[in-house]
Amino acid sequence: MWEIKFSGFGGQGIVRCALITGAAVALHDDRFATMTQSFGPEARGGACQSQLIISDRRVLYPYCTAPGVLIALSQEAYDTYEPGLSDGGVLIIEQDLVKAKVEAKRVVLHSIPATRFAEELGNRLFANLVVLGFFTAVTAAVSPEAMKKALPGLVPDRFLAANIEAFDKGYQHGADTASRKAGAVH
Amino acid sequence: MKDGRVVEFPKTVPADPKGVLTGRHFMDGDHALAEGALAAGCRFFAGYPITPSTETAERFAERCPEVGGLFIQMEDEIASITANVGAVWGGQKVMTVTSGPGFSLMMETFGLACMMETPMVVANVQRTGPSTGLPTLTAQQDMMQVRWGSHGDYRIIALVPDSPQECFDLVIDAFNLSETYRVPVFIMTDETVGHMHEKVVIPPAEDIRIVERNWYTGPKENYRPYDFNGRTIAPMVKAGDGYRFHTTGLTHNERGYPALTPEMNKRVVTHLVEKIASNADKIIRTEEDGLNDADVVVVSYGISSRIAIRAIQQARMSGIKVGMLRLITVWPFCETKIRDVAHAVRAIVVAELNYGQVILEVERCAAGRCRVIGVNSCGGAVHDPEEILAAIKEGAKR
């Protein structure tokens, strides 16, 4: 059972992230996924969040009660949602846009230069896919194969290859990070 | 868990494959409503945007060019519902969606649709009221309005889905019921289910059973648009087929002509009520779990029933015998079922996202035989499972 919150500002593809992950889980990993999102003016430029529950059994309560994973791609999103993240939860932030407070020791913090990576790949709009690849690698909440299978139809056809590249870039970075952390422990 | 979802209709045909998006989808409830309508053969949709139902209209508009359908955005909700009634008499299967304020505006025309015995489907993606209220937040506050909101006596059918999958499934049932009983059928969903993405499986067209309109085929001069017998329903014709028929929202006779007497009104209203009441056992569907040896039964519907299940599971872990009765059909109300339950249990807990609406029906049917405890809310958010658990524990006390 995973409770995952994606957050940022409108236009960063926050809802798309949750949609892709949910579709990957429900249609290609054969588990249950329930995704909800914030509506109204905030979805068009203000703080924006989307929630995903992943479970082996039918999801009953559709919202996060104690998110185990928080993805925050803006400072406002971090400030708003970080206090709600469970102790020991996974926090993924955009390295260049979010300044984490020092006392963020209670959670497992990952920061990733997603926008920078995306720009290197040719378009800052791919940042959300970089984040998704990274998230997939560090949490293993969903298989990378399922994530890639979920992309057609949820990203524009002409950017499919570029989005897969962005996902792989993030995934690789996440895998490296995970092995580095594992090395540090042992 | 016993599934009371399946309903049998006497004469059905397979769905037209053109409108059926067979496959597995990760889809929200609003989109599933539109796909259900297309699968059921609905090809006309007059709508008006209102949060949180607009996605259904958008989806239908997007799909129309692919399936030979027509979407028209009308100037307001009154126009949208009225155009739909007109389109039914022009031979189409129709649906529209709306939410609180739009639902209020449509009320007069719901009465017209009931009086003219017009088959149609209307979904209300409920949001928090009164007035503009909380447009983007969930509620189940229109449950009595759908039953009583238009003036005069009539009956409607209302179904409540608890997931995007059920949005799809119940819209097809709703069309079938509306064609069977020539009555508007309402899908009383809510913002949470409407905006929630989950897996929706759309079966192959041949596995979707559709009740076609019961077209009249006899001699033209014998055609009567109405038959006020309280059980069966007169067949329909459509404008342009040479029947030169008339219908009106006034009290009318079998020919559809105004007949403005108390006697005629008694016949008409009795029929409108009885055609639903006398067939209630064929219409009503519930989902039940653990009712047989329960001390407490939780009655709930739609999104609230999912939250209730979590509370029920926790209560069972602490040793309370608690059953679940989920209303899939809220109107007509499952009176017999509630009476039977009330005989056997200590308490019925009713969890709904309003200040106490369907609980009034439960209290009426329980008639003092057991305690009835409401878990109510003023909308805006779903229940906390703890609130329902507390009510179950309260009800389990001797």
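Computed from heavy atoms alone, side chains included, the values below leave out hydrogens, waters and symmetry copies. Letters A, B, ... mirror the listed sequences (proteins, then strands); counts begin at 1.
Contact of A/L19 with chain B is made through backbone and side chain together, with heavy-atom distances under 4.5 Å. Contact annotation for A/Y63: only side-chain heavy atoms (C-beta onward) come within less than 4.5 Å of a heavy atom of chain B. Using a 4.5 Å cut-off between heavy atoms, B/L137 does not touch chain A at all.
Contact annotation: the side chain of B/R24 approaches that of A/D30 to within less than 4.5 Å [non-hydrogen atoms, C-beta and beyond].
Counting non-hydrogen atoms of neighbouring residues, nucleotides and ligands closer than 6.0 angstrom, the CD atom of B/E62 reaches no more than 12 such neighbours.
When all heavy atoms of B/F26 and A/A33 are compared, the closest pair comes out as CE1-O, 3.8 Å. When every heavy atom of A/A26 is checked against every heavy atom of B/K199, the shortest pair comes out as O-CD, 3.3 Å.
Atoms CZ and OG1, on B/R310 and A/T65 in that order, are 5.5 Å from each other to the nearest 0.5 Å. To the nearest 0.5 Å, atoms CG (B/D28) and OG1 (A/T36) are separated by 11.5 Å. Taken to the nearest 0.5 Å, the CD atom of B/E198 stands 11.5 Å off from the CE atom of A/M35. With values rounded to the nearest 0.5 angstrom, B/D384 atom CG is found 6.0 Å from A/Y61 atom OH. Interatomic distance, OG1 of A/T34 versus NE2 of B/H197, reported as 11.5 Å (0.5 Å rounding).
Between chain B and the residues A/V25, A/L52, A/V59, the most heavy-atom pairs under 4.5 angstrom are made by A/V59.
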Quick one: do A/R58 and B/R306 satisfy side chain to side chain contact (heavy atoms under 4.5 Å, CB included)? Show the steps, please. CA-CA 10 Å; A/R58 186 187 175 203; B/R306 287 172 65 156; 3.6 Å; yes
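Checked against A/L60 for a side-chain contact (heavy atoms from CB on, under 4.5 Å), the options B/I309, B/I303, B/D162 give a single hit: B/I309.
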